[in-house]
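Scroll down for the structure; my scribbles are underneath it.
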Amino acid sequence: KGRPVARVPSRAEAGLPETGTVFCNFNNAYKLTPATFDSWMRILKAVDDSVLWLLESPAPYADNLRKEAAQRGIAPERLIFAPELDTDLHLARLSLADLFLDTFPFNGGVTTSDALWQGLPVLTRSGRSFASRMSGSLLQAADLPELVTHSLADYQALAIALAQDPERLRALRQRLQLHAVATGLASVVPQQRPPLERPRSTRLQKPQRVVQHHVLHPQPEKVHHQPVFGRDRRLGQVDAQRRGYTALPDFVGAQLLHGV
């Protein structure tokens, strides 16, 4: 209610192909893990003429991801990067995508709300921690529990199945649009971004620092998975050691994919 949305652009205006499935994810770059990226590449490989639409981040994010895609047998041009836009323009372009692929174990929050608000189905994988259950909660509120998966295999299989069944995907979109208000989705979508979060146009200008032990040392999920942030690398490492995590150097998303 009351959220300004600009004119919906054409796919061409957004730099997208006119035909084929458009998977997207507009979460912060630091939420992307090698396991999630691997699953996305397997999905692209299984769905002909599909592309993955991601939010731009500072260099070398795009170059790194395209390089990693090529190493997995995916043409680099199938990864398309969307520039930062004002919120009304960003919301308008969301409807151009066919399916939002969520990240794990750190789900989307505002990004998932934005997608659902615009009628874009979100496929998520839910875990036991708060961060891995945010999108699932929103999907439950939207009466789309079938889009909540609980394993990597199910997440991947459902993404492929939906992309190969346009009618089923279209029905999900229609259900979301029809039930958004009735199911209370409108009441959980923020009318404005939290005051401590930088505007969408600036919040990714600086590389993020995060400590994620599971990225370098995969193991069964723990309830208290969380990123650990520090104002400088040394402080981040001290914080990490105190919490029993392994500290990582500065990175932007795909830099984690090298050497893992």
Side-chain angles (χ1 to χ4, degrees), residues 2-18 21-33 36-37 40 44 50-69 76-104 106-124 131 134-135 138 189-210 212 227 229 231 250-257:
R3 302 190 80 193
V5 179
R7 176 188 66 86
V8 177
S10 67
R11 278 195 170 188
E13 288 174 327
L16 297 169
E18 293 290 350
T21 301
V22 175
F23 297 108
C24 78
N25 180 281
F26 290 105
N27 290 344
N28 283 321
Y30 66 80
K31 294 186 177 183
L32 178 57
T33 66
T36 295
F37 186 78
W40 289 351
L44 289 183
S50 62
V51 297
L52 179 60
W53 195 22
L54 303 170
L55 192 65
E56 279 185 352
S57 277
Y61 180 67
D63 288 343
N64 282 354
L65 283 186
R66 287 185 170 130
K67 184 185 303 181
E68 293 296 328
E77 58 269 22
R78 292 178 69 182
L79 273 62
I80 300 173
F81 293 87
E84 289 278 329
L85 296 177
D86 289 338
T87 299
D88 61 331
L89 297 171
H90 171 69
L91 292 174
R93 68 183 174 184
L94 285 174
S95 60
L96 299 176
D98 295 297
L99 183 63
F100 187 106
L101 299 177
D102 200 15
T103 47
F104 180 89
F106 301 103
N107 291 173
V110 173
T111 49
T112 297
S113 296
D114 287 347
L116 294 175
W117 182 266
Q118 291 305 112
L120 174 61
V122 175
L123 175 62
T124 191
M134 293 187 293
S135 293
L138 289 166
V189 178
Q191 299 301 307
Q192 60 184 8
R193 299 189 179 277
L196 293 181
E197 184 177 2
R198 284 170 289 173
R200 180 175 291 278
S201 60
T202 62
R203 64 189 173 93
L204 286 179
Q205 289 182 358
K206 294 182 180 180
Q208 304 280 350
R209 296 183 176 92
V210 68
Q212 299 173 222
F229 297 89
R231 286 174 295 179
D250 295 357
F251 74 98
V252 180
Q255 290 175 330
L256 279 177
L257 295 170

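Scope of the values below: all heavy atoms of this structure, side chains included, with no hydrogens, waters or symmetry mates.
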Verdict with reasoning, Asp102 to Asn27, per side chain to side chain donor-acceptor pair (under 3.5 Å):
CA-CA 8 Å; Asp102 200 15; Asn27 290 344; 3.2 Å; yes
Minimal non-hydrogen separation, [X] against [Y], with atom names:
X: Leu79; Y: Ala69; result: CD1-CB, 4.0 Å
X: Pro121; Y: Leu99; result: O-CD1, 3.6 Å
X: Val122; Y: Ala115; result: CG2-CB, 3.7 Å
X: Ala92; Y: Ala6; result: CB-O, 3.3 Å

Is the closest side-chain heavy-atom distance between [X] and [Y] below 4.5 Å?
X: Thr87; Y: Asp114; value: no
X: Trp40; Y: Asn25; value: yes
X: Trp53; Y: Arg93; value: yes
X: Phe81; Y: Leu52; value: no
X: Ile80; Y: Leu54; value: no
X: Thr112; Y: Thr124; value: no
X: Arg7; Y: Leu89; value: no

Nearest-0.5 Å distance that lies between atom [atom1] in [X] and atom [atom2] in [Y]:
X: Met134; Y: Ser113; atom1: CE; atom2: OG; answer: 9.5 Å
X: Leu120; Y: Leu91; atom1: CG; atom2: CG; answer: 11.5 Å
X: Asp98; Y: Phe23; atom1: CG; atom2: CZ; answer: 8.0 Å
X: Leu85; Y: Leu55; atom1: CG; atom2: CG; answer: 8.5 Å

Look at the side chain of [X] and the backbone N and O of [Y], then say whether any donor-acceptor pair between them is shorter than 3.5 Å.
X: Glu13; Y: Ser10; value: yes
X: Arg11; Y: Pro17; value: yes
X: Lys31; Y: Asn107; value: yes
X: Ser135; Y: Gly108; value: yes

Can you list the steps and then say if Leu96 with Cys24 is a side chain to side chain contact (heavy atoms under 4.5 Å, CB included)?
CA-CA 10 Å; Leu96 299 176; Cys24 78; over 6 Å; no
Give the C-alpha distance, both sets of side-chain angles, the deciding distance and a yes or no for side chain to side chain contact (heavy atoms under 4.5 Å, CB included) between Phe37 and Thr103.
CA-CA 9 Å; Phe37 186 78; Thr103 47; over 6 Å; no
Check the pair His90 / Phe26 against side chain to side chain contact (heavy atoms under 4.5 Å, CB included), numbers first and verdict last.
CA-CA 10 Å; His90 171 69; Phe26 290 105; 3.8 Å; yes
Any luck finding a side-chain donor-acceptor pair between Ser50 and Thr21 under 3.5 Å?
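No pair is found: no donor N or O on one side chain lies under 3.5 Å from an acceptor on the other.
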